[in-house]
Protein chains: 2
Amino acid sequence: MAARAGVSPATVSRFLRGQRVRSYEAIQTAIDELGYWPSAAAQSLKSGRTNTIGVVVPDITNPYFAAVVKGMESVTRTEPYRILLANSDESSEQEDDVLADLVRRVDGIILAPATEQDETPLHVRDADVPLVFVDRDLAGGERFDAVLVDNDGGGRQAAEHLLALGHTRVAAISGSLDTTPGRLRREGFVSTLAKAGVEVPPEYDLVGDFKEHSGYQLTLSLLSLPEPPTAVFAANNLMTLGALKALHDMRIDIPGQISLIGFDDLDTGPLLRPPLTVVDRPMFEQGVLAMRLLLRRLDPDDGGGMASRVVLDTKLIERASTAPPGGHPSPARTRKTRSR
Amino acid sequence: MAARAGVSPATVSRFLRGQRVRSYEAIQTAIDELGYWPSAAAQSLKSGRTNTIGVVVPDITNPYFAAVVKGMESVTRTEPYRILLANSDESSEQEDDVLADLVRRVDGIILAPATEQDETPLHVRDADVPLVFVDRDLAGGERFDAVLVDNDGGGRQAAEHLLALGHTRVAAISGSLDTTPGRLRREGFVSTLAKAGVEVPPEYDLVGDFKEHSGYQLTLSLLSLPEPPTAVFAANNLMTLGALKALHDMRIDIPGQISLIGFDDLDTGPLLRPPLTVVDRPMFEQGVLAMRLLLRRLDPDDGGGMASRVVLDTKLIERASTAPPGGHPSPARTRKTRSR
DNA sequence: CTGAAAGCGCTTACAG
DNA sequence: CTGAAAGCGCTTACAG
């Protein structure tokens, strides 16, 4: 390339970074003719930066994580950074594998850990790779930046809503209790009920894995009880869909026989049979905030200050899938939908 | 690192690639103590390979593309490759920008082009970066590998379904006609109707951009006509959701007043009000096939043979959102749902 | 089996 | 303003 333009590589390099150069015409011509692009690998080797951010989420087909990733990308779009994306599929092993590889390739990592107990992510920083948690925290992760939501408060909102409707036979189908959201949503829900004198018996207190299938299965097992609950709280969007499918399949009237409340809104939430009552939270915005925190850490001027721990609020969206127990099913159309 | 173990870098390198080495104990110890990982940048510079695949889709929050990307990742998981993900947001400019950057960073690219007319992707191969199209083709892209679906056939299936139900006032809300799927779905639909003697007048033949908002707006404009259609074909999942929302908002009975048929199934498809009749197609599988094609191109043993052009079939899934025109609205529960 | 050396393609402090 | 040179951290053919 330099030869083609009749100059030294140093001069080409200077031209590319916008310095004034005598032979800029010859260089530009050579660039155009050769379709020349500087090698990212060589630049990385020299600079020690890859301009790449690793993002590891449990499942990109979960609309929540898709929105979070899109939020991240909206930030990197105007920056020189690109996103290296990986799924952990809710598995610590896959997460560890992919982190080991990413650490060599990226300037920083945003992670939604598969479990709270995994130690591996804590070692990522040993490799001098800044780490930000999104959606989920890690036991011992307080030293790291994180963007979370008030899962405990969200569980409380769900419980208060069901209590206000008069439910006393209330079930929870939780995500893995090894995860921050799985544990805290359940705790917020169960403890709020307990304070109101409503106990959740073991057979109503079921634990799954945040996947649709477990929402489906756990709901079926609730329905097979001699005395099924009158209301069900599902721990995330996919489990809620699974629960909804199970209720449909078993021809259960919602909310006539059973009320259903979910965590995380869905694009289709208002269009479902019935429209879903959910605890909603920011998605796109969480991604934006997490990426901003990380880029700040990558800024050479960053003082390396204390970890930023952002906790966002949840919000109840009442639709038609919840109603007083045994109450007459209220047709969706006549019920006032509160929506954003 | 090499110094720490008291050997040369060459020996460390040999150890890492599994060759027999005398001082393997000292090396392993040094690796463990230092948390040493070989630099990906240096390896890339040396080998000329990045072990990274660039994936550019219009919108990762579209469940179709999320599933396609997950399919791709299921292939790379067992390979040394990682995925660099970018959204074009249906914009050629953003696509061009990101491609220019990716070309320097990746070994190959899988692209769902924002328009058929863009020339830029054709130049990607000038940089010796293999390119595979997924979901959408490019004018002049025949020389490239591609994994597509039979969009024309899908449009035909939709038309035949509505014809069989007896519809004659039929509307299409299409995606951008600058894209393969936008153009071909409309053509297959309109031409099949025409052969049966059903013309789609201009006011029923509307064009949007594959986003939910355009589905919403175009459906509203159909409803404002003096004589609205009795059936609507929406060009993708997001436009179908937009159409559904518009019909709900205007209190239109589906399928009593208007039948709605979409392209692309949704996870929530069977749970919607009413359950949606759609033209379905493989999603995950498309991603798998596209990634396999690309990895084959990257195989040094690949003969560089002809372009592989894979075209997958679509399949009609009849649910409750379509019925004969003016027919009595059939309650979802009593209608037999044909599902996968 | 092992080390010295060259080279991948950049960038930048140093001389000119 | 410009070039020669060094160096980023690997890998590999070459000698030993």
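Lettering follows sequence order; numbering is per chain, from 1. A quick note: this is a predicted structure, and the numbers were derived from the prediction, not measured. Quick note: numbers below take in every heavy atom, side chains included, and nothing from hydrogens, waters or symmetry partners.
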Whole Å only: how far is the CG atom of Leu16(B) from the P atom of dT11(D)? 7 Å
Between dG3(D), dT2(D), dC10(D), which nucleotide gets closest to the side-chain atoms of Val21(A)? dT2(D)
Gln19(A) CD to dA13(C) P: how many Å, rounded? 10 Å
Taking only Lys NZ, Arg NE, NH1 and NH2, and the carboxylate oxygens of Asp or Glu, determine whether Asp97(A) and Arg77(B) approach each other closer than 4.0 Å. no
Identify which nucleotide among dG9(C), dT12(C), dT11(D) has an atom closest to any side-chain atom of Leu45(B), counting heavy atoms from C-beta outward. dG9(C)
Of the listed dT2(D), dC10(D), dA4(D), the closest approach to the Ala10(A) side chain comes from dA4(D)
Phosphate oxygens OP1/OP2 of dG9(C): is one of them under 4.0 Å from a side-chain N or O of Ser39(A)? no
Which comes earlier along DNA chain C counting from the 5' end, the contact point of Lys46(B) or that of Thr11(B), where each point is its nearest nucleotide? Thr11(B)
Integer-rounded Å distance: dG9(D) P and Arg14(B) CZ: 20 Å
Pairwise P distance, dC1(D) and dA5(D) [rounded to whole Å]: 23 Å
Lys211(A) bridged to Glu90(A) by N-O distance under 4.0 Å: no
Using atom CH2 of Trp37(B) as one end and atom C1' of dG9(D) as the other, report the distance to the nearest whole Å. 17 Å
Do the charged groups of Asp145(A) and Arg292(A) touch, with an N to O distance under 4.0 Å? no
Whether Arg309(B) and Asp137(B) form a salt bridge (side-chain N of Lys/Arg under 4.0 Å from carboxylate O of Asp/Glu) is what I want to check. yes
For dA4(C), which nucleotide is its Watson-Crick or G-U wobble mate, given both distances must be under 3.5 Å? none
In whole angstroms, how far is the P atom of dT12(D) from the CZ atom of Arg49(B)? 13 Å
Could you tell me the separation between the CZ atom of Arg20(A) and the C1' atom of dC1(D), rounded to a whole number of Å? 11 Å
Calculate the interatomic distance between Gln43(A) atom CD and dG9(D) atom C1'; express it in whole Å. 16 Å
Take the protein atom CD1 of Ile31(B) and the nucleotide atom C1' of dG9(D), then report the distance between them rounded to whole Å. 15 Å
Pairing nucleotide - dA13(C), Watson-Crick or G-U, each distance under 3.5 Å: none
Taking any heavy-atom pair under 4.0 Å as a contact, classify Ser47(A): base, sugar-phosphate, or nothing. nothing
Sub-6.0 Å ring centroid separation between Phe133(B) and Phe144(B): yes
Counting side-chain heavy atoms from CB outward, which of dT2(D), dT12(D), dT12(C) is closest to Arg17(B)? dT12(D)
So what does Tyr24(A) hit on the nucleic acid, given a heavy-atom distance under 4.0 Å: a base, only sugar-phosphate, or nothing? nothing
